[in-house]
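Here is how names work: the chains are called A, B, and so on, in the same order as the sequence lines, proteins then strands, and each is numbered from 1.
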Amino acid sequence: MSALMEEMNRRALALGVPLGAQLDVTYRCNERCVHCYLDHDDHGEMTTAEMLNVLDQLADAGTLFLTLSGGEVLMRMDFFRILEYARELSFCVKIKTNAFMIGEAEADRMRDLGVNSVQVSIYSHRPEVHDAITLLPRSLERSINGIRFMQQRGLKVIIANVLMRQNFGDYEGVRALADSLGVESTIDPTVTPKMDGDREILGLGIGHQELFEVMRNPGLVGNVDEFCAPPGETTDAMLDEVPCSASHTYCYISPYGDVYPCVQFPLPTGNVRKQKFIDIWRYSPEMNEVRSIRPRELPVCGTCSHVGTCTRCPGLAYMEGNMRGPSSQDCEKSFARTGIPSANMHLKAARANLVQIRVDMPQSVLVN
Amino acid sequence: MNDVYPARSKQVAARMLGGEMMIMSPTDASLFNLNDVGSAIWNAADGRTSLDEIVVRLCDEFEVTPEAARHDAETFVEELAAHGILNLSEQPIVPAASGLQEIK
């Protein structure tokens, strides 16, 4: 991150400005990805006028970085009207799409409107793997075509690849595909629970061995020794720092107008159909509750040796039952990276041992 | 420099933050932070207001001599124009009709 970007983030944090926001324009989608956390039915999306009003309010609040996502953004017939208005308001716009519906005309418009970047989900370089995840025939072919159209017009395209058991063996292939297309690529080993709390899809995620391998791939992490180094001594600064941007300089708005601390933090804080965005942002008790979180007062994580380097997501912790509790998925990442179990893992092992002791007690003891 | 009409590029992303304008370049995503004088020039750069008029406003708003204001304003707009953030024209720039065609 550039020094000026860091300075801008510091200033936004000090001023309480939502510098970044994600607005999902729809949850509808033409794909049915097996790991998706959304309900794709339309339960009453905001109208075009409501969407434009939200953009006005975000601009007034000081938001500069705007991500337009879904669902599939192009499922909305008025998507380009929303995008056009966002650019009129001088947002720096990033779009997340599967690119299936991006032809030359759509790519032209994105370029002409000055879109900053477009993120496209690609799960494999092999159609039989990618299409089996999206459950949409020919989706890889169509998405690659869309990427080509955008890349040819000078748009910055980033391929995003969620790693799962189903596609784990293909991440190098996806990187090679990105290279051949002249675009960037990223991987994400995190499968997010459904917004309704259903955690069943977490079973699609990669296991410890796979995570271990990813963490030691120099092509992905750079200097492996540095990346996988054990955590150093915990400092006061680590214990008092803001854990992430959620509710501090970033928020998420659903197609129904619900405002959340982050796309991965489904804690309702208000709805722009009923309240002004700025009032939700500034005064929602839930927003302020999230803002109050500091590592020092986290009952488990505050005692963990990983506290200064862990990617602990308060949203994932919330979905696990407690926004101040551990996020087991991040514990797994810290463990895979360093080989050192987290405080949460020690606690769970101790609890498991307690149960084991009771089960293993002599019959005579149990009877008495 | 002859009098020019500076106009903000429609390709940039920009927002006021704490009284200063943050601008992202469309060409290389580099970030610019304008101080209060730079922000005043930026906000006045609508393509219809000449640099001469902007300099007069700067002298009214900030404690600066016309010569210093003119020098700083010229340097500023030339630098931003080099980054594609401002467009400079010798004639007032008439805003293009807004509204892009719907894709059929």
Side-chain angles (χ1 to χ4, degrees), chain A residues 1-21 58-66 74 77-94 101-117 154-156 249, chain B residues 6-49 54 76-77 79-89 93-104:
Chain A
M1 188 186 291
S2 74
L4 197 50
M5 187 71 88
E6 283 180 15
E7 167 58 25
M8 184 162 59
N9 277 321
R10 269 196 298 273
R11 202 185 302 170
L13 182 64
L15 295 167
V17 170
L19 192 61
L58 286 172
D60 288 346
T63 301
L64 173 60
F65 300 102
L66 176 72
L74 287 166
M77 299 302 286
D78 60 355
F79 174 68
F80 277 103
R81 176 66 192 122
I82 294 167
L83 173 60
E84 181 187 25
Y85 194 64
R87 289 296 297 125
E88 281 176 24
L89 295 174
S90 294
F91 287 104
C92 176
V93 177
K94 174 180 182 177
M101 291 185 272
I102 294 179
E104 297 196 67
E106 289 79 8
D108 281 342
R109 290 193 75 182
M110 287 182 183
R111 176 203 55 203
D112 293 345
L113 288 169
V115 169
N116 174 263
S117 62
L155 281 162
K156 180 181 176 184
T249 57
Chain B
R8 298 180 291 273
S9 165
K10 291 187 184 305
Q11 292 287 310
V12 301
R15 195 69 73 226
M16 286 293 282
L17 183 62
E20 296 186 353
M21 183 62 71
M22 311 298 300
I23 303 172
M24 184 167 275
S25 160
T27 51
D28 56 4
S30 53
L31 197 60
F32 298 82
N33 180 15
L34 310 187
N35 64 11
D36 51 355
V37 178
S39 299
I41 298 173
W42 173 263
N43 286 326
D46 57 9
R48 299 183 301 276
T49 308
I54 293 172
F76 176 81
V77 298
E79 188 177 342
L80 290 198
H83 287 283
I85 288 171
L86 275 180
N87 298 316
L88 302 181
S89 168
I93 298 170
V94 180
S98 182
L100 295 161
Q101 295 172 354
E102 286 297 318
I103 290 176
K104 304 292 183 191

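The two residues B/Arg15 and A/Gly62 have their closest heavy-atom pair at CG-O, 3.4 Å.
The contact between A/Leu64 and chain B is made by backbone and side chain atoms together, counting heavy-atom distances below 4.5 Å. Contacts between A/Ala14 and chain B at a heavy-atom distance below 4.5 Å are absent for every atom of the residue. When heavy atoms are compared at a cutoff of 4.5 Å, A/Phe65 approaches chain B solely by way of its side chain, counted from C-beta outward.
Interface remark: of the candidates A/Gly114, A/Ser117, A/Ser90, A/Ser90 forms the most heavy-atom pairs closer than 4.5 Å to chain B. Residue with the most contacts toward chain B among A/Thr63, A/Leu66, A/Asn116: A/Thr63 (heavy-atom pairs, distance under 4.5 Å).
Taking 4.5 Å as the limit, every side-chain heavy atom of B/Met22 sits out of range of all side-chain heavy atoms of A/Leu19. Looking at A/Val17 and B/Leu17, their side chains come closer than 4.5 Å, going by heavy atoms from C-beta outward.
Here the CD-CG distance, from A/Glu7 to B/Asn33, works out to 7.0 Å after rounding to the nearest 0.5 Å.
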- Query: For B/Glu20 and A/Met8, what are the C-alpha separation, side-chain angles and deciding distance, and is it a side chain to side chain contact (heavy atoms under 4.5 Å, CB included)?
  - Reply: CA-CA 10 Å; B/Glu20 296 186 353; A/Met8 184 162 59; over 6 Å; no

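A donor-acceptor pair under 3.5 Å is formed between the side chain of B/Gln11 and the backbone N or O of A/Asp112.
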